[in-house]
Amino acid sequence: MGWKTLDDMDLNGKRVLVRVDINVPVVDGVVTDATRIQRIVPSVRDILSAGGKPILLAHFGRPGGERRENLSLKQLIPTLEAAFGTEVLFAADCVGTEADLAAEALKPGQVLLLENTRFHAAETKNDADLAAGMAKLGDIYCNDAFSAAHRAHSSTEAIARLLPACAGRLMQAELEALEGALGAPKRPVTAVVGGAKVSTKLELLGNLIDKVEYLVIGGGMANTFLVAKGLNVGKSLAETAMKDTAAEILAKAETSGCTIVLPTDVVVAEKFEANAPHQVLPADQCPEDGMILDAGPDSVSAITEIFGKSQTLIWNGPLGAFEIEPFDAATNAAALKAAALTRSGQLVSVAGGGDTVAALNASGAAKDFSYISTAGGAFLEWMEGKTLPGVAALEGQA
Ligand code: 3PG
Ligand code: MG
């Protein structure tokens, strides 16, 4: 691969600006899944043990260029300190005097965390001046944020051209694992794509059709496809405005030899609430006041049967409203089947995305998957064969 790694850099005494993705779920100030934090530990530890001084650059949420206290990275300090086993200092801005002074004062063994890069509107514009302000804080740039590498932002792209740059351990591991499992995948390949909205994954669905033999569509976006097929989905989450596009995807799949799998039976409730009274109905019989919250058992059997015929599985997005019981049933059952097939060596399974990883962790399936990526969007764009700006900016540096 055309990029340097931490092993290629002389880290001793150097300030290393490490772009990390610590965009973790937080509920009432508590980190509910620290996977992304745990996975950046190798880079931070390796830099520290080589005598380097890690300065962490990261975004958090989508503050849209405004300073929003609930999106301050400061709240992650205890979780970071626990993960690194070392003190984490903080600067309330990622550029400017306070950051300059904090970076200068950093001592070996300490880690400095800079405030949310997206408090600057310039960040998401890949602004060169903002990148220069950040670059000034370090001697070396290390990108360890594979899951943000699909963004061309000042802290992921522009900055990589201003300093000697390398990939961090997680970036390396993600790219190697994805290449190993999916670079030349064993066929048939099945992709499970779920989640709320078709509109956010439209291009992806269109591109995947040419790359996979089976495309299982789940979650809210499956409802939009049911609407496209002329079915009534009652009060279910669906983007009716997207129904023509969904119909085009169905038509395209037919000509490209990809089987699109939609639910044939559904779990319907009257409200979106844990343990809401519910019933299993054929997909074409959702009542006006019903809400589809999960795929039904027949659909799950069809999906697991396809897993059994597949050699490779790519999974992003749950099949139902996995966050409330019992509407996690289809996701859990399918995930456990994928885990069992992986364990017995019949399937290579790769999953990515925050909700997906949370769902696979909850079902206990995650540990048996071949690989769990910290990335959602970046993983999917990598799958589509797109160039990731954050990775491309590291190339040509070797
Ligand atoms: C993610 O959580 O998917 C990454 O951190 C990227 O975040 P973004 O979708 O807000 O750019
Ligand atoms: Mg995202």
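All values derive from a computational prediction rather than experimental measurement. Because only heavy atoms are used, hydrogens play no part in the values below, and waters and symmetry mates are left out as well, while side chains stay in. One-based numbering, in listed order, for ligands and for the atoms of each.
Residue Ser147 has no nitrogen or oxygen atom sitting less than 3.5 Å from a nitrogen or oxygen atom of ligand 1, judged on distance alone.
Against a heavy-atom cut-off of under 4.0 Å, Arg151 is close to the following atoms of ligand 1: 8 (P), 9 (O), 11 (O). Those atoms of ligand 1 that come under 4.0 Å of a heavy atom in Arg118, given as number and element, are 7 (O), 8 (P), 10 (O), 11 (O). The distance from ligand 1 to the heavy atoms of Asp21 drops below 4.0 Å at these ligand atoms: 4 (C), 5 (O).
Side-chain atoms of Met134 and His120, non-hydrogen and from C-beta on, never get closer than 4.5 Å to each other.
By the criterion of side-chain heavy atoms lying less than 4.5 angstrom apart, applied directly or through intervening Ile, Leu, Val, Met, Phe, Trp or Tyr residues, Tyr214 is grouped together with Phe369 in one hydrophobic cluster. Under a hydrophobic-cluster definition in which Ile, Leu, Val, Met, Phe, Trp and Tyr are linked whenever side-chain heavy atoms come within less than 4.5 Å, directly or via other members, Leu114 and Val88 are assigned to different clusters.
Of the candidates His153, His150, Arg62, Arg62 brings a heavy atom nearest to atom 9 (O) of ligand 1.
Judged by distance alone, the side chain of Thr224 and the main-chain N or O of Ala238 form no donor-acceptor pair under 3.5 Å. Using modelled atom types, one side-chain atom of Ser373 and one backbone atom of Ala375 make a donor-acceptor pair closer than 3.5 Å.
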